[in-house]
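Here is the structure we will look at.
We're numbering straight along the sequence, starting at 1.
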Amino acid sequence: MKIRKLSTMVLAGAMLCTTAAAFAQNDSGAKQDMKNAGSETKDAAKDAGHGVKQGTKKAYHKTKKGTHKAAKKVSDKSS
C-alpha cells in the first residue's frame, strides 16, 4: 500500500513538472509569434508600398504619353 502511494506521488510530481514546462514554453512561443506577426506585417507594408509606387509610375507615364498624343493632334489640326 505504501508503494502504491509513493508511485502515485511520483507520477503526480512528474505530471506537474511536465505541465509547468509546457506553460513556460507557451510564454516564449507567444512572444515569438508576436515578433513573427510584426515582421510579416512590415513585409506586407513594404510589398504594398512597392505596388503603389509601380502603379503610380505607370499611371504617370500613361498620362504623359496621352497628353503628348493629344497635344500633337491639336498641333496637327492648327497647322
Atom pair NZ/CD of K58 and Q54 - distance to nearest 0.5 Å: 10.0 Å
Partner set under side-chain contact (heavy atoms from CB on, under 4.5 Å) for K72, not counting sequence neighbours: D76
Check: A59 main-chain N/O paired with T63 side-chain donor or acceptor under 3.5 Å: yes
Those residues that, when tested against K35, pass side-chain contact (heavy atoms from CB on, under 4.5 Å) (two or more places apart): K31, Q32
Spatial distance of atom OG1 (T41) from atom NZ (K46) [nearest 0.5 Å]: 12.5 Å
